[in-house]
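Here the structure is laid out as structure tokens; the discussion comes afterwards.
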Amino acid sequence: MQCTLMAQYELGASLGAYQYSIVERKEDHAQANFDQLSTPSFNASLFYRERWGKVMNFGVELQFSRKSFDARYGDGGLGGGRGTIAHVDLDLMHLNITPEVKLGGRDNAVLRFGFQFGFKLGGSMTGSSWAWLGADRSSDVFVGADPQDFKGDFRFLLGLGFRHKADTPWGVTFDPYFSAAIGSILKDPPGAKGTEFGLKVGCSIRRERTPLMKLIDSKMLMPPAGPNW
């Protein structure tokens, strides 16, 4: 077997601005309302993308973002319940798994789709909470507390990718995207999902490497070691 083509990969970093929303949840015994969302907000990313496929390639990205908003949520019934009103600053990391399809056969324009797996890194919340059970009532005021009621969300991602130059090692990237939450950002009561529109601008470098098949060929064609007389 012979394999003479060199495979390419791309490493880069980007900064972006995005606008997001969190959908309110209202039910008979639970509700979650969100206000004063700080938009536009900003994110930062590091990415790795394969560049050897003729039609489709694979990419992975780490994306950091901070979301700031006012939240009011709680649940309860006739016997008891609980509630919270707070301003929340939430630091999130998303792992983006994104297959890519080339547009028009060009190597500098792709359609990107996949999933974002969110993890909460930290943050803070300031506000008050209350709870009641029958005649027993309690309340608490907190400042700079851990936003333990929130978590990273799971999202579907759809976007485009453009690179200023496809035939040079260094290039400027433009990545508009849309993501929609599949999982809730609020632990309990769940159901606080949202959408996000954004644009990331970055810089990347393309490198060549020996393809896997060529490495396999070199191992298969390597003569066995003879006896050492």
Side-chain angles (χ1 to χ4, degrees), residues 10-26 32-49 59-73 84-98 100 103 108-127 143-147 149-164 171-187 190-204:
E10 186 173 342
L11 296 173
S14 64
L15 296 174
Y18 67 96
Q19 186 163 352
Y20 68 98
S21 64
I22 305 176
V23 179
E24 297 180 353
R25 181 195 183 207
K26 293 183 179 180
N33 302 314
F34 301 90
D35 254 328
Q36 304 298 320
L37 280 67
S38 62
T39 58
S41 294
F42 301 93
N43 55 36
S45 303
L46 297 174
F47 58 83
Y48 167 87
R49 293 163 184 164
V60 63
E61 181 177 18
L62 281 177
Q63 178 177 313
F64 169 84
S65 63
R66 162 166 281 204
K67 289 179 168 60
S68 297
F69 49 86
D70 291 341
R72 180 187 181 100
Y73 53 92
T84 299
I85 298 177
H87 176 78
V88 182
D89 294 317
L90 196 61
D91 294 331
L92 299 169
M93 182 71 76
H94 280 88
L95 173 63
N96 304 342
I97 307 297
T98 53
E100 301 176 348
L103 296 177
N108 62 338
V110 299
L111 172 66
R112 189 173 293 130
F113 59 93
F115 296 98
Q116 295 182 293
F117 300 87
F119 306 91
K120 187 187 76 174
L121 294 182
S124 64
M125 56 189 297
T126 298
V143 177
D146 176 34
D149 294 338
F150 294 86
K151 60 184 179 67
D153 53 358
F154 176 55
R155 292 175 164 267
F156 173 75
L157 177 68
L158 179 66
L160 297 171
F162 302 96
R163 195 175 193 266
H164 179 237
V172 179
T173 59
F174 302 90
D175 300 325
Y177 70 93
F178 163 79
S179 67
I182 301 173
S184 173
I185 201 172
L186 188 61
K187 291 181 180 178
K193 303 176 182 179
T195 57
E196 186 172 308
F197 296 87
L199 171 65
K200 293 178 283 188
V201 179
C203 184
S204 69

Quick one: CZ on Phe113 to CG on Leu158, what's the gap to the nearest 0.5 Å?
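Those atoms lie 9.0 Å apart.
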
Qualifying residue for side chain to side chain contact (heavy atoms under 4.5 Å, CB included) with Gln19, from Thr39, Leu199, Thr195
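The passing option is Thr39.
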
What pairs of residues pass the salt bridge (Lys or Arg N to Asp or Glu O under 4.0 Å) test when at least one of them lies in residues 115-124, not counting sequence neighbours?
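Pairs touching residues 115-124 that pass the test: Lys120-Asp146.
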
Where do [X] and [Y] come nearest, in terms of heavy atoms and distance?
X: Gly114; Y: Phe156; answer: O-CD1, 3.3 Å
X: Ala32; Y: Leu186; answer: CB-CD2, 3.9 Å
X: Asn43; Y: Ala17; answer: OD1-N, 4.4 Å
X: Ala44; Y: Leu15; answer: CB-CD2, 3.7 Å

Check: Ser204/Arg163 side-chain N/O donor and acceptor closer than 3.5 Å:
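Note: Ser204 and Arg163 side chains meet the donor-acceptor criterion.
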
Any side-chain donor-acceptor pair under 3.5 Å between Asn33 and Tyr73?
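Checked: Asn33/Tyr73 side chains show no N/O donor-acceptor pair below 3.5 Å.
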
List in chain and number order the residues that pass salt bridge (charged side-chain N to carboxylate O under 4.0 Å, His left out) with [X], two or more places apart in sequence or in another chain; answer none if no residue qualifies.
X: Glu61; value: Lys200
X: Arg66; value: Asp91
X: Asp153; value: Arg155

What residues form a side-chain contact (heavy atoms from CB on, under 4.5 Å) with Ser124, not counting sequence neighbours?
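Checked Ser124 against side-chain contact (heavy atoms from CB on, under 4.5 Å); matches are Asp89.
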
Hey, mind stepping through Thr98 and Leu157 against side-chain contact (heavy atoms from CB on, under 4.5 Å) and telling me if it holds?
CA-CA 8 Å; Thr98 53; Leu157 177 68; 3.4 Å; yes

By ring pair (Phe, Tyr, Trp, His ring centres under 6.0 Å) - contacts of Phe197 (at least two apart):
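Once residues adjacent in sequence are excluded, the partners of Phe197 under the ring pair (Phe, Tyr, Trp, His ring centres under 6.0 Å) criterion are Phe178.
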
Can we call the ring centroids of Phe69 and Phe150 under 6.0 Å apart?
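Centroid distance Phe69-Phe150: below 6.0 Å, so yes.
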
Test side-chain contact (heavy atoms from CB on, under 4.5 Å) applied to Tyr177 and Gln63, step by step:
CA-CA 13 Å; Tyr177 70 93; Gln63 178 177 313; 4.0 Å; yes

Look only at the side chain of Lys67 and the backbone of Val88, and say whether a donor-acceptor pair between them is shorter than 3.5 Å.
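No; judged by distance alone, with no hydrogens or angles, the pair does not exist.
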
Can you check whether Tyr18's main-chain N or O pairs, donor with acceptor, with Ser41's side chain at less than 3.5 Å?
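No; judged by distance alone, with no hydrogens or angles, the pair does not exist.
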
